[in-house]
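See structure below.
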Number of protein chains: 2
Amino acid sequence: MTDTEAPLQKPALRGAGIREVARQAGVSIATVSRVFNDAEAVSSDTRERVVALASSLGYEPSPLGRNLVRGRSYLIGLIVPNVSFPLYGAMIHGIEDVLGSHGMSVLLASSHDAAATEVRAAQNILRHAVDGGIVINSMVGLALPTQRQSGWVHVTPEPPGLPCRVELDNEEGGRLAAMELLRNRHRHFAYVGAKGRESADRERGFAEVLRDAGFDYRRFEGDYSEASGMQAGAALLDGPLDAVFAAGDLMAAGVMRALHMRGVQVPGQVAVVGFDDAAIASLLYPRLTSIRQPGYLMGAAAAQLSLNFIRGRPTEPVIFSPELVARESTGPPSA
Amino acid sequence: MTDTEAPLQKPALRGAGIREVARQAGVSIATVSRVFNDAEAVSSDTRERVVALASSLGYEPSPLGRNLVRGRSYLIGLIVPNVSFPLYGAMIHGIEDVLGSHGMSVLLASSHDAAATEVRAAQNILRHAVDGGIVINSMVGLALPTQRQSGWVHVTPEPPGLPCRVELDNEEGGRLAAMELLRNRHRHFAYVGAKGRESADRERGFAEVLRDAGFDYRRFEGDYSEASGMQAGAALLDGPLDAVFAAGDLMAAGVMRALHMRGVQVPGQVAVVGFDDAAIASLLYPRLTSIRQPGYLMGAAAAQLSLNFIRGRPTEPVIFSPELVARESTGPPSA
DNA sequence: TTGTATGCGTTATCAT
DNA sequence: ATGATAACGCATACAA
């Protein structure tokens with residue numbers, strides 16, 4: 001993939017500069033600059049002349065020069081574990097929208113769920129004089145913003161002390177799942193979780209509601225993969241079971257596949273709730289009830305936080321509430 | 001979301017500049033520059049002194065100044081319809097890897113499958129003096145690179161005349177699907193397509209192989225959505241049917257759901273092949289046989305093309321071959 | 001309203 | 001091996 005370093009030929013041929021426009025228009029470069037920053041007053045006469053000449057010469061102010069003199073790049077770095085994960089896609093959408101409406105753009109780098117790659121991604125971004133940055137589910141955590149001044153907002157529950165932070169109320173998510181399952185009069189519950197604080201928070205909420213209703217539950221620890229969900233499904237069938245809450249939709253899919261392979265009806269015999277409301281949730285048989293994270297809004301909030309920071313405004317953590325998306329996997333048996 | 005335009009406070013506080021480092025080290029700024037571009041020879045004595053002082057002052061060359069004098073931004077614009085779509089995610093991965101290994105970064109903007117948004121995305125990117133650009137499945141087509149000099153590579157089959165282009169051999173994909181279905185001795189075929197050239201190419205290959213084998217097929221036009229796939233499934237059951245090729249995995253999922261709802265066994269009674277090998281393909285019941293696009297490689301190729309263009313090298317279209325990923329939906333009946 | 005002049009932080013050329 | 005110094009393309013304070 002990496003070929004021998006090539007000659008990187010001289011600066012790409014440039015079009016007319018501000019000087020040439022000024023010369024031909026018979027004005028100073030200051031006036032041309034003013035026209036394009038339409039801040040101060042320019043006589044509509046000269047303005048027209050300059051605009052006409054500029055467009056005929058194909059002139060546009062160079063972002064490079066502008067950035068240098070202004071001391072900013074209008075770039076916000078974004079480190080994301082995996083672009084394809086639907087939740088992150090929604091966040092990116094929100095980030096782009098907010099940033100775009102403020103004249104900023106997204107400099108992307110993926111961490112691919114590995115600490116080493118995340119560090120490389122950060123270095124890649126830091127080479128670019130970004131005005132700020134957003135990191136989704138950082139594995140490196142606080143070690144990141146060390147370089148240069150801070151201004152990085154984290155979208156993750158991990159480092160609880162962080163000032164610039166957007167997170168989901170995972171405990172509430174667990175509560176929602178438990179309530180949905182209780183509503184359908186189940187009795188034998190199970191939680192399929194994973195390592196990390198997110199899963200722990202979800203389980204805490206789940207356990208709390210069940211306890212208050214006088215129920216206990218069994219647990220299985222997976223790793224958010226479908227395979228681990230299948231193991232969970234198989235393992236849990238050893239005992240009485242009629243309701244499963246999985247900390248991720250992929251694991252929920254795995255549980256459902258395991259049940260399906262053993263002829264267990266969903267939701268007839270066992271109800272299943274997932275987490276994230278990924279695109280696959282509505283494509284499974286039956287369609288999967290899930291706890292949705294408001295990804296778009298979380299991304300938008302992160303972007304806004306970043307902008308606030310740049311502008312020197314005080315920032316404080318934003319916490320979002322999840323939402324239950326009820327589908328067939330907890331509803332009445334489907335055809 | 002858009003608050004009142006804020007004061008955008010003065011240039012972020014800067015650290016020590018090259019001048020300060022030079023002064024304290026008792027050398028000229030030229031020498032400091034040389035140290036950080038370790039191109040020419042600098043006596044290891046002064047080099048050490050400069051490096052030590054720079055790190056103690058927290059100095060790093062400013063990308064802004066460097067970019068200005070070099071006339072490039074080390075940025076490649078990337079316009080993608082939808083970040084979440086797994087195929088595009090794979091492409092982005094490839095793009096990032098190649099670009100990153102050449103010191104370039106990705107400036108991201110999503111088009112969200114709408115022409116208007118794509119144009120906004122392009123404008124957003126063009127504000128940044130990118131050195132080049134990649135656009136995946138452009139809806140605007142050739143209207144895009146008009147502004148500034150070209151240098152944009154397209155990942156799409158749409159404008160066949162484009163010099164900088166990466167595309168998939170969709171016809172071959174259709175052939176692969178037909179061969180897989182023929183291999184399993186089916187007789188009553190159907191194609192579920194959509195508008196656009198991609199679908200047309202896939203159908204052509206599909207039809208060609210079937211014709212050579214002495215078979216005909218029925219057709220249904222959807223729009224790549226699961227819902228349209230369900231309609232197709234329902235409609236096609238009006239006639240004899242034991243093999244379906246859908247131009248997208250979502251439509252294939254819809255077909256399978258429609259069959260499932262009517263008690264038709266897959267693959268026992270009807271075999272199904274999808275396209276793209278999206279993540280959902282391996283999560284469905286049964287797991288879906290699909291035609292995989294080598295997304296990572298296509299992205300990598302696009303990035304390489306873009307780099308070549310920047311370096312003034314000749315570029316020519318790259319065409320990739322799809323690959324059959326055989327799973328349960330065309331295999332023997334599963335448990 | 002417009003022009004002059006300075007500086008932004010760096011690289012690169014040409015001396016030395 | 002190192003130092004002056006001239007760009008790079010623009011914004012802006014100040015003067016007119």
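Letters go in sequence order (proteins before strands), and every chain restarts at 1.
The nearest pair of heavy atoms linking B/T315 to B/L305 is CG2-O, 3.8 Å. Looking at every heavy atom in both residues, A/E118 comes nearest to A/I79 through CG-CG2, 4.1 Å. The nearest pair of heavy atoms linking B/A121 to B/S110 is CB-O, 3.8 Å. Across B/P81 and B/Y88, no two heavy atoms sit closer than the pair CG-CE1, 3.7 Å. Taking both residues in full, the closest heavy atoms of B/G71 and A/L64 are given as C-CD2, 3.8 Å, listed atom of the first, atom of the second, then distance. Residues B/P294 and B/F320 come closest through the heavy atom pair CG-CB, 3.9 Å.
Here D/dC8 presents its C1' atom at 13 Å from CZ of B/R70, a figure rounded to the nearest Å. A straight line from CG of B/N37 to C1' of C/dG9 spans 13 Å, rounded to a whole angstrom. Rounding to whole angstrom units, CD1 of residue B/I18 and C1' of C/dG7 are separated by 16 Å. Atom CG in B/L57 sits about 15 Å away from atom C1' in C/dG9, given to the nearest Å. Summarising the geometry, the separation between CZ on B/R49 and P on D/dA1 is reported as 15 Å, rounded to the nearest angstrom.
Annotation: the terminal axes of the helix from C/dT1-D/dA16 to C/dT16-D/dA1 meet at 30°, where each axis is the rotation carrying the C1' atoms of four end pairs onto the next four (5 pairs per end, rounded to 10°).
By the ring-ring contact (aromatic ring centres under 6.0 Å, His included) test, B/H93 pairs with A/H112, B/Y296, sequence neighbours left out.
Residue-to-nucleotide proximity on DNA chain D shows that, of A/G17 and B/S44, the 5′-proximal contact is made by B/S44.
The phosphate of C/dG9 has neither OP1 nor OP2 within less than 4.0 Å of any side-chain N or O from B/S62. The shortest distance between the side-chain N/O atoms of B/N67 and the OP1/OP2 oxygens of D/dC8 is not below 4.0 Å. For D/dC10, the OP1/OP2 oxygens have no side-chain nitrogen or oxygen of A/R66 closer than 4.0 Å. Put simply, A/T46 has a side-chain N or O that comes within less than 4.0 Å of OP1 or OP2 on C/dT2.
Of the candidates C/dG9, D/dG9, C/dT11, D/dG9 carries the atom nearest the A/V69 side chain, counting heavy atoms from C-beta on. Out of D/dC10, C/dC8, D/dT2, the shortest distance to the side chain of B/R19 is found at C/dC8. Candidate nucleotides C/dT10, D/dA11, C/dT2 were compared by shortest atom distance to the side chain of A/S43, and C/dT2 ranks first.
Separating the CG atom in B/L99 from the CG atom in B/D131 is a distance of 9.5 Å, to the nearest 0.5 Å.
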Could you write out each protein N or O paired with an N or O of nucleotides 3-6 of chain D at a distance under 3.5 Å?
residue : atom : partner : partner atom : Å
D/dG3   : OP2  : B/S28   : N            : 2.9
D/dG3   : OP2  : B/S28   : OG           : 3.2
D/dG3   : OP2  : B/T31   : OG1          : 2.6
D/dG3   : N7   : B/R34   : NH2          : 2.8
D/dG3   : O6   : B/R34   : NH1          : 3.4

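A/V155 has its side chain out of reach of A/R165: every pair of non-hydrogen atoms, C-beta onward, lies at least 4.5 Å apart.
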